[in-house]
Amino acid sequence: MYCLVINSGSSSIKFQIVDPASAATDEPLASGLVEQIGEPSGAITVTINGEKSREELEIADHTVGLKRAFELLDANGVGPTQLEFFAVGHRVVHGGKLFSEPVLIDAQIESMIEDLIPLAPLHNPANLDGIRVAREILPDLPHVAVFDTAFFNHMPPAAALYAINNEVASEHDIRRYGFHGTSHEFVSQQVPKVLGRDPEHTRQITLHLGNGASAAAVHNGRAMDTSMGLTPLAGLVMGTRTGDIDPGIIFHLAREAKMSVDEIDTLLNKKSGVKGLAGVNDFRALREMIEQDNSDAWLAYNIYIHQLRRFIGAYMIILGRVDAISFTAGVGENDVEVRADALADLELYGIKIDPERNAQRSSDPRVISTDDSTVKVLVVPTNEELAIAQKAAVLTQA
Ligand code: AMP
């Protein structure tokens, strides 16, 4: 039995066909990407059993894209008419205060997700497009929404709330929601399994370092703090986002540079971070520039590491004792130097990375600290699609 997992963006739809019983590192049965929706130059890429095929066509909207993608899957024997799907799992970015668990989608849930659009104006409308189209095409299947914020829904108030005027905060639902929750939860559940520990007695820091990046403090399976906030702009330095900056910078830019709200939004979300400092946001390109001793690349990297260490230090104190620190996502799983530099010179705190273990390449979850490191350091590949399929299976009792 398979779950069709859909991650619908404003101009793209990613999808996977996933067996929830598979291992985190298994390839899905099929995966695909519908790109450039609404542009003349659209494309659909489908990968089945490692074989990639690509079709270029104009894709007017999400309905056209998803229908064509299903036809391509059907033509290869893995589409909705041949395979028995037990559910469709949808990634939804913002669940606000309302959703701390996955839910079965009906008309009421759709309108609740719609009500959350002001909190995620770029993401929730696109997620909803995917939900509406998929429900229309596959009306007989249960559709499950899995929220990126859900894992952080029950953080302690001291971590979840800002020191901002109470009335304004409650009127406008201003609080720290956190994002990448499905990934932080998935990774934090893998860690006790890898270490053979009781999850109820494990305190850990999870570092999701991809193009977007966030840190979380997890105490006995529950999120205690996270670096992203009302929006995914806060916290760590990211590919194109600033991470934490003095909010006064925004007023300064508005007053002195006469920038509009939209211009500042674009500057901080899309033209900043590693890209804003070094001109590239991919860490492989950044590493090449560092090897050529490019000073902008060095500065970007040093700011990135400094901010990362700042959060690791804060979460060590918040947790009081740390059993494990894990790295995940594109940078965290692949960049040996980032892992080494993030935790360098912390032997006094019981953190010691083994350089040989750290340098080994593998797609399996693994420990990269020395045997005598009291804090275990791990690399745990994330798999949000598998996590969504597993949650859909639990909810639909498949
Ligand atoms: P994600 O958002 O998790 O898909 O991560 C994407 C990012 O991971 C890319 O922008 C790169 O910066 C980084 N990345 C991917 N592969 C590698 C690699 N082999 N070495 C270093 N960074 C990588």
Side-chain angles (χ1 to χ4, degrees), residues 5 7-9 12-16 24-25 27-28 31-33 35 45 47 91 93 122-123 126 148 178-188 190 206-216 226-228 231-243 269-292 294 296-298 300-305 307-308 326-343 353 358-366 368 378-388:
V5 179
N7 181 354
S8 176
S12 71
I13 306 171
K14 289 187 204 144
F15 56 91
Q16 285 195 9
T25 48
E27 287 297 318
S31 62
L33 174 66
E35 293 173 90
T45 312
T47 306
R91 176 176 186 234
V93 166
L122 295 179
H123 293 103
D148 232 22
F179 298 87
H180 295 144
T182 309
S183 177
H184 285 288
E185 184 180 24
F186 180 81
V187 168
S188 63
Q190 302 293 311
T206 47
L207 303 167
H208 177 110
L209 309 179
N211 200 27
S214 60
T226 192
S227 58
M228 283 178 164
T231 74
L233 178 58
L236 303 175
V237 175
M238 306 180 217
T240 63
R241 293 176 225 155
T242 54
N269 274 297
K270 303 212 170 118
K271 296 184 181 171
S272 295
V274 173
K275 184 163 191 166
L277 291 163
V280 296
N281 60 314
D282 191 305
F283 266 65
R284 288 161 288 197
L286 186 74
R287 188 65 57 202
E288 275 178 27
M289 290 170 73
I290 288 174
E291 274 157 19
Q292 288 154 12
N294 179 294
D296 290 342
W298 266 117
Y301 184 70
N302 289 338
I303 296 174
Y304 180 92
I305 295 292
Q307 184 77 331
L308 187 53
S326 45
F327 290 88
T328 194
V331 177
E333 290 169 30
N334 294 297
D335 198 310
V336 176
E337 279 88 358
V338 163
R339 296 195 296 256
D341 292 334
L343 298 177
I353 286 195
N358 186 28
Q360 266 165 24
R361 300 223 155 260
S362 162
S363 57
D364 289 329
R366 58 201 182 274
I368 57 164
L378 297 91
V379 179
V380 180
T382 193
N383 191 333
E384 286 161 285
E385 290 79 13
L386 176 61
I388 290 171

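As the structure lists them, so they are numbered: ligands from 1, and atoms in each ligand from 1.
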[X] neighbourhood, listing ligand 1 atoms whose heavy-atom distance to it stays under 4.0 Å:
X: Val331; value: 8 (O), 12 (O), 13 (C)
X: Phe283; value: 11 (C), 12 (O), 22 (N)
X: Gly210; value: 1 (P), 2 (O), 3 (O), 5 (O)

Considering both backbone and side-chain atoms of Gly212, is one of its nitrogen or oxygen atoms within less than 3.5 Å of a nitrogen or oxygen in ligand 1?
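By distance alone, the answer is no.
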
Backbone or side chain, does any N or O of Ala329 fall under 3.5 Å from an N or O of ligand 1?
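No, there is no polar N/O contact under 3.5 Å.
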
Would you name the heavy atoms of [X] and [Y] that are closest together and state the gap between them?
X: Thr242; Y: Ser272; result: CG2-CB, 3.5 Å
X: Ser214; Y: His184; result: OG-NE2, 2.8 Å
X: Ala215; Y: Leu236; result: N-CD1, 3.8 Å

Spacing of [X] atom [atom1] and [Y] atom [atom2] [to the nearest 0.5 Å]:
X: Leu207; Y: Ser183; atom1: CG; atom2: OG; value: 10.5 Å
X: Met228; Y: His180; atom1: CE; atom2: NE2; value: 4.5 Å
X: Lys270; Y: Leu233; atom1: NZ; atom2: CG; value: 11.5 Å
X: Glu384; Y: Glu185; atom1: CD; atom2: CD; value: 11.5 Å

Taking Asp282 first and then Arg284, would you say they form a salt bridge - that is, a charged N and a carboxylate O separated by under 4.0 Å?
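A salt bridge is present here (some side-chain N lies under 4.0 Å from a carboxylate O).
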
Which is it for Asn281 and ligand 1 at heavy atoms under 4.0 Å: side chain, backbone, both or neither?
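The part of Asn281 near ligand 1 is the backbone, not the side chain.
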
May I ask which of Met238, Arg284, His180, His208 has a heavy atom nearer to atom 15 (C) of ligand 1 than the others do?
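Minimum heavy-atom distance to atom 15 (C) of ligand 1 goes to Arg284.
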
With a 4.0 Å cut-off, strictly under, does atom 5 (O) of ligand 1 pick up any protein heavy atom?
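Yes, there is one.
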
For [atom], which protein heavy atom lies nearest, and how many Å away is it?
atom: atom 9 (C) of ligand 1; result: Asp282 OD2, 3.9 Å
atom: atom 23 (C) of ligand 1; result: Gly330 O, 3.6 Å
atom: atom 19 (N) of ligand 1; result: Asn334 CB, 3.4 Å
atom: atom 7 (C) of ligand 1; result: Asn211 N, 4.0 Å

